[in-house]
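Read the structure below first, then the notes.
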Amino acid sequence: MMIPLSVPCLEGNEWKYVEDCLDTGWISSAGAYVNRFEEMMAGYVGAKYGVACMNGTSGLHIAQVLSGIGQGDHVIAPDLTFVATLNAIKYTGAQPILVDVNENNWQMDLDLLEEYLENNTYPVEAGAAVHYCLQSTHRPVKAIVPVHVLGNVGNMDRLLAIAEKFRLTVIEDSTESLGSFYKRKHTGTFGKAGVFSFNGNKIISTGGGGMIVTDDEELAQKAKHLTTQAKSSAEEYIHDEVGYNYRLVNILAAIGVAQMERFPELLANKLRMNDFYRSELADTGDIVFQEVSEDVDPNYWLFTFKTSRMRELLLFLNSRGVMSRPFWMPMNRLRMFKNDIYVSRRDSAYAIYQSCISIPSSAGITHEQLEEVVGQIKLFFSNTK
Ligand SMILES: *Cc1c(COP(=O)(O)O)cnc(C)c1O
């Protein structure tokens, strides 16, 4: 039996609530579970509003559309992320600026970012407001999309200061970070909007699902409007703009409500998993962990570490029933984004990609499974040189 990388833990009221949807016929996007899930999520992260979407990618897209990002604008994102971050930027027609990551915490390198903006942009006055344009394209740099990679968080104070200085809208890709806090404030609540994902491998799952969180009432209302085909009349089929069919359906929100009910338990299990892996693997081979700042309480979504023997270890573990995966290929190396701007000194994103491996991290992982994973990793480093 393979120990999976990251699978949902569905041991609460999921079945009961889905059955309720089926019994009552409320399976589609109108239904009480959608609103309840939105309220639970907003309440948990400490935002005023939640808008449920069919996945995290659609949430990221809508958050950017509603931040006025469009054709030719620039949007900053880290080079090391899951492809969805970049896809959502491209849907708007914007041009990404990929920024290399810090080699220790694997989040966007903020020194590099600030230096780049200082040296490559100029201010433009537009009425009372100012925005910054890129010297090479004369197009505005409108937004920054920090990604809380693996549920860890970079220096948000610094990021917000840079964003303020260069008048950037902050839209957090918080898809991996439900349960992660920076200075006791939940991710997704630092900027204009934050987006979560409930994809199959995330810390909680609805099969597929996402959520925009925000304190901005207008943004929340518009997000709900835009994700439901921009219908402007309750009875008639009258629509006032080009909308999207992005709303989460009730049957999936029902699973989300059940997942959120058990979230504290699932999160506690992740923290136990992280403690166990860190203490057991600390002196094993040449393993190096992701650095976590004292300001951060991460959710430890997917346990990932560096080793120079990543490829060998990957083959070894996968052949022995311990499902493991490499990290994401950096965005600047994917063919769709290879002509986009990539700001880097040392290409740390590639070095991290070449040495990182993710190991089983399901919220419901058992102690026996954790011991098996650790045992196999220790065996690898003791047997093979
Ligand atoms: C999972 C994920 C997404 C997208 O979420 P979906 O719900 O799968 O669309 C976006 N960005 C990052 C970094 C992710 O890990």
Side-chain angles (χ1 to χ4, degrees), residues 5-8 34 37-38 41 50-65 75-92 94 96 98-99 101 105-108 143-154 170-180 187-188 191 193-213 223 227 244-249 252-253 255-256 259-260 270 290 298-304 325-332 334 336-337 349 352-353 356 358 361-363:
L5 188 71
S6 183
V7 291
V34 183
F37 187 34
E38 289 176 334
M41 274 292 297
V51 180
C53 303
M54 65 187 203
N55 50 47
T57 310
S58 58
L60 286 165
H61 179 201
I62 291 297
Q64 290 178 67
V65 169
V75 175
I76 298 162
D79 191 43
L80 194 64
T81 183
F82 178 60
V83 69
T85 313
L86 267 288
N87 284 339
I89 294 171
K90 289 281 180 171
Y91 298 162
T92 68
L98 298 165
V99 178
V101 296
N105 70 6
W106 316 343
Q107 315 291 316
M108 198 187 296
I144 181 166
V145 183
V147 180
H148 307 302
V149 173
L150 299 172
N152 194 2
V153 189
V170 178
I171 298 161
E172 293 175 73
D173 180 335
S174 315
T175 46
E176 301 179 356
S177 65
L178 181 61
S180 300
T187 58
V195 179
F196 293 90
S197 164
F198 316 111
N199 179 29
N201 68 8
K202 297 298 200 285
I203 191 163
I204 66 163
S205 181
T206 57
M211 182 89 61
I212 301 171
V213 298
T227 53
Y244 300 87
N245 184 11
Y246 277 179
R247 186 96 173 135
L248 189 69
V249 296
L252 298 183
I255 298 175
Q259 289 270 281
M260 277 311 281
K270 286 272 183 189
Q290 186 184 27
N299 66 0
Y300 297 111
W301 167 53
L302 187 64
F303 199 86
T304 302
R325 286 290 177 267
F327 219 176
W328 309 296
M329 178 66 77
M331 295 300 104
N332 73 301
L334 299 182
M336 313 79 83
F337 312 128
I352 292 166
Y353 159 73
C356 275
S358 303
S361 305
S362 302

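Order of appearance sets the numbers: ligands from 1, and atoms from 1 within every ligand.
Annotation for Ser205 and Pro8: closest pair CB-CB, 4.1 Å, computed over non-hydrogen atoms. Contact between Phe327 and Trp106 at its shortest, heavy atoms only, is CE1-CE3, 3.9 Å. Closest heavy-atom contact between Ile204 and Met260: CD1-SD, 3.6 Å. Minimum heavy-atom separation, Met329 to Leu334: CG-CD2, 3.8 Å. Ser358 and Thr304 make their closest contact through OG-OG1, 2.8 Å (heavy atoms, listed as atom of the first residue, atom of the second, distance).
Checking Leu150, Thr187, Asn152 one by one against Ser180, the side chain to side chain contact (heavy atoms under 4.5 Å, CB included) holds for a single residue, Thr187.
Interface of Ala84 with ligand 1, defined as ligand atoms under 4.0 Å from a residue heavy atom, comprises 3 (C), 4 (C), 10 (C). Short contacts between ligand 1 and Gly209, defined as distances under 4.0 Å to a heavy atom of the residue, involve ligand atoms 7 (O). Each of the atoms 13 (C) of ligand 1 lies under 4.0 Å from some heavy atom of Val147. Heavy-atom contacts of Asn199 reach the following atoms of ligand 1: 7 (O), 8 (O) (cutoff under 4.0 Å).
Counting heavy atoms closer than 4.0 Å to ligand 1, residue Asn55 contributes atoms from both its backbone and its side chain. For Thr81, every heavy-atom contact with ligand 1 shorter than 4.0 Å involves the side chain, none the backbone.
Between Phe37 and Phe198, the ring center distance clears the sub-6.0 Å criterion.
The nearest heavy-atom contact from the protein to atom 1 (C) of ligand 1 is Lys202 NZ, 1.7 Å. In terms of protein heavy-atom proximity, atom 14 (C) of ligand 1 is nearest to Thr175 OG1, 3.1 Å. Ranking protein heavy atoms by distance to atom 9 (O) of ligand 1, first place goes to Thr57 OG1, 2.5 Å. Distance from atom 15 (O) of ligand 1 to its nearest protein heavy atom, with residue and atom name: Glu176 OE2, 2.5 Å.
Aromatic ring pairs are classed by plane angle as parallel below 30°, tilted from 30° to 60° and perpendicular above 60°; the pair Phe82 and Trp328 is tilted.
In this structure, Tyr300 and Ile203 have side chains that are not in contact, with every pair of non-hydrogen atoms separated by 4.5 Å or more.
Checked by distance only, ligand 1 and Asp173 come closer than 3.5 Å through their nitrogen or oxygen atoms. Residue contacts with ligand 1: Trp328 is placed with no nitrogen or oxygen under 3.5 Å of a nitrogen or oxygen of the ligand (distance criterion only). Close N/O approach between Gly56 and ligand 1 is found [any backbone or side-chain N/O within under 3.5 Å].
Relative to atom 5 (O) of ligand 1, the option among Ser205, Ser197, Gly59, Ala77 with the closest non-hydrogen atom is Ser197.
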